[in-house]
Amino acid sequence: MKIPLIDLRRENLPLLPEVFPKLKQLVKESRFVSGKEVKEFEEKFAEYCGVKYACAVNSGTSALILALKACGIGKGDEVITTPFTFIATVEAILWVGAKPVFVDIHPEYLTIDAGKIEDAITSKTRAIIPVHLYGEICDMEKIEEIARRYNLVVIEDAAQAHGAEFVKEGVRKKAGSMGKCGCFSFYPSKNLGGWGEGGMITTDDEEIYNTLLKLRDHGREERYFHTLVGGNFRMENYQALVLSTKLKYLDEWNRKRREKAEFYFQQLRGIKGLTLPFSPPYSKGVFYLYVIRTPFRDKLVEFLHTKGVEARRVYPIPLHLQKALGFLGYGEGDFPVSEKACYEGLALPLFPEIEKEEMEWVVES
Ligand SMILES: Cc1ncc(COP(=O)(O)O)c(C=O)c1O
C-alpha cells in the first residue's frame, strides 16, 4: 500500500464546488489585490485567534520579517530562538539586521526550553521568538514572565500551530494571541493551507498593526505618498477567498488530526526504542506533524519506504550546523538536545483525511 505523508488533494478537491464560483466572480470583476476579500479574511482570522487585529501577507517568512520590523527590531539587536525550527525563523531575524541567539529545546516537548532562556539574555537582547513546533504550544507563561522582567518583545512563530491552544487553570489562549505579534504561514501543507503562499501577523497593538499595514504595502500612506520604507508583502484576493473558506473547517480538521494522532499513540505506545511525541500539560496541540524519535531513524525510514510508507526525516540538520548559518560561530555539541532531535526524528503520515486502514498499515509496517 502507498501511504503519503500528507495528501493535499483529499483536503482541497472537495472544496472546489464551494470555492470555484467565488473565484470565477473575482475574475469576472478582475479584482486581484487589496480587495475586501483580504479584509474579510483578516477579520475572521483575528476573531478566530482572539486578537484585535490581523494583517495578511504573502508568506509566513514575510510575517516574521514584518513583525520584527514593526516591533522596531534591527541592527545591533539580539533575538532569542531555537536551532530546532524551520530556517525561516532565523532568516527573518537576519533580514531585519539582528543577530539570532540560540537556546536549546526541552528534551521532551522539543520547543524552546524556557528554563534556559535567561542564560542567553544580554544587554542587546530585544526579543524572543518561541516556535510552536509541530503544533505544540511553548511554555508561554514562563516566556512571558521572563519577557516582562527583561522588557523583551515576544513574537510567536505560530506557522505550524493554527488553532493550537495554551490551556492552564481555566485560561485558554490561542496560538498567536499571547505575544506582541503572532506569525502564521498558510503554505499549502499547513493546518490552514492556501492554494499557494500566504501568511498572517496577529496583534492586539493598534500602533503595530498600523505600521504592519504600511510595511506590507511599500510604506504607503496613500497612492504615491510613502512614509516608511516597506515592500510588497501583500496577500492576493483569491488567496484570502480560499483561506476564508477553509478557515470554517479548521477546527474540524484539527479535531481529526488529534483523533488520528491518538490512534498512533494507542498502537505505538510501549514499543522499545521508539519515543512518541510528548504534549506539554499546558498545550492543546494540533499535530501539524506526528514525529516519533528513534536512534535507528535512518534504517526505519528506509524500511518504511520499502513498505510504501512515506515517512520523512524532519529537520535533519539543526540550524546552528547549517552551512548558511556557519558565520554565527556555533559548533557541534553546542545544543545537544536539538542535535539529538534532528538525528532521531521522523514524521509518520498524518492528515485529517487519512484512513484507518492506511494508519493500520503504517503501524503494522
Ligand atoms: C516554524 C516555521 N516558521 C516559518 C515558516 C515560514 O513560512 P512560509 O513557508 O510561509 O514562508 C514555516 C514554514 O514552513 C515554519 O514551519
Side-chain angles (χ1 to χ4, degrees), residues 22-23 25-49 51-77 79 88-89 91-98 126-127 129 153-159 176-177 179-187 192 194-245 247:
K22 299 182 197 168
L23 293 183
Q25 186 58 30
L26 254 192
V27 178
K28 271 190 181 163
E29 295 170 21
S30 281
R31 291 187 301 101
F32 299 112
V33 287
S34 304
K36 62 179 189 312
E37 293 76 13
V38 175
K39 185 95 192 98
E40 274 166 24
F41 176 49
E42 288 171 335
E43 283 168 8
K44 282 185 204 166
F45 196 76
E47 194 189 341
Y48 179 82
C49 293
V51 295
K52 288 192 191 145
Y53 310 103
C55 172
V57 290
N58 55 3
S59 75
T61 310
S62 302
L64 286 161
I65 293 172
L66 295 197
L68 284 161
K69 234 179 151 30
C71 290
I73 289 148
K75 203 159 179 267
D77 297 333
V79 179
T89 317
E91 285 173 320
I93 298 169
L94 291 165
W95 271 102
V96 300
R126 292 283 316 282
I129 306 188
V153 171
V154 176
I155 294 175
E156 292 171 73
D157 184 336
S177 71
K180 187 58 128 180
C181 293
C183 298
F184 292 84
S185 162
F186 301 122
Y187 185 75
L192 181 61
W195 289 2
E197 308 278 356
M200 186 75 89
I201 306 132
T202 48
T203 185
D204 275 326
D205 188 312
E206 190 178 1
E207 206 179 319
I208 284 189
Y209 171 64
N210 285 328
T211 306
L212 288 168
L213 292 182
K214 282 190 210 163
L215 286 173
R216 79 162 169 198
D217 191 20
H218 302 292
R220 198 185 327 244
E221 202 79 33
E222 54 188 272
R223 196 185 291 262
Y224 305 133
F225 189 73
H226 310 269
T227 51
L228 282 178
V229 176
N232 180 357
F233 299 99
R234 297 179 301 244
M235 178 182 278
E236 287 141 318
N237 293 349
Y238 93 88
Q239 196 63 262
L241 238 175
V242 169
L243 287 162
S244 274
T245 309
L247 182 59

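Rounded to the nearest 0.5 angstrom, S244 OG and E43 CD are separated by 10.0 Å. One distance of note links CD of E156 with SG of C49; it measures 9.0 Å at 0.5 Å rounding. Note: C183 SG to M200 CE = 11.5 Å, rounded to the nearest 0.5 Å. The CG atom of L241 sits 5.0 Å away from atom CD of E37, with the distance rounded to the nearest 0.5 Å. The CD1 atom of I73 lies 13.0 Å from the CD1 atom of I65; values are rounded to the nearest 0.5 Å. Note that NZ of K52 is 13.5 Å distant from OG1 of T202, once rounded to the nearest 0.5 Å.
Residues L213 and C55 share a closest heavy-atom pair of CD2-SG, 4.1 Å. The two residues E222 and R220 make their nearest non-hydrogen contact at O-CG, 3.1 Å. Listed here is the closest heavy atom pair of T61 and A88: OG1-CB, 3.6 Å. Across all their heavy atoms, G176 and A158 have their closest contact at N-CB, 4.4 Å. Here the closest non-hydrogen pair linking T203 and D205 is OG1-N, 3.0 Å. Of all heavy-atom pairs spanning I208 and C71, the tightest one is CD1-SG, 3.7 Å.
Side-chain atoms of V38 and E42, non-hydrogen and from C-beta on, do get closer than 4.5 Å to each other. Within the 4.5 Å cutoff, the side chain of R126 has no heavy atoms near those of the V79 side chain. Looking at heavy atoms from C-beta onward, I155 lies out of side-chain contact with I201 at the 4.5 angstrom threshold. Taking the side chain as every heavy atom from C-beta outward, F233 and L215 never approach each other to under 4.5 Å. Contact of the Y209 side chain with the V51 side chain is not registered, since no non-hydrogen atoms from C-beta on lie closer than 4.5 Å. Contact check for M235 versus N58: no side-chain heavy atoms found under the 4.5 Å cut-off. Residues R234 and Q239 form no side-chain contact, since every pair of their non-hydrogen atoms from C-beta on lies 4.5 Å or further apart.
Without hydrogens or angle criteria, D157 side chain to I129 main chain gives no donor-acceptor distance under 3.5 Å. Not one N or O on the side chain of Y187 forms a donor-acceptor pair closer than 3.5 Å with the backbone of A159. Looking at H226, its side chain does come within 3.5 Å of a backbone N or O of H218 through a donor-acceptor pair.
Within 6.0 Å of atom CD in E207, 12 or fewer heavy atoms from other residues, nucleotides or ligands are found, so the atom counts as exposed in its surroundings. Residue Y48 qualifies as enclosed at atom OH: its count of foreign heavy atoms under 6.0 Å is above 12.
Between F45 and F41, the angle of the ring planes lies from 30° to 60°, which puts this pair in the tilted group.
With 3.5 Å as the limit, one finds no donor-acceptor pair spanning the side chains of S59 and E197.
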Test log, rule side-chain contact (heavy atoms from CB on, under 4.5 Å), inputs Q25 and K28: CA-CA 5 Å; Q25 186 58 30; K28 271 190 181 163; 4.0 Å; yes
The test is side-chain contact (heavy atoms from CB on, under 4.5 Å); show your working for Y53 and E206 and say whether it passes. CA-CA 8 Å; Y53 310 103; E206 190 178 1; 3.4 Å; yes
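Between K22 and E40, no side-chain nitrogen of the basic residue sits less than 4.0 Å from a carboxylate oxygen of the acidic one, so the salt-bridge criterion is not met.
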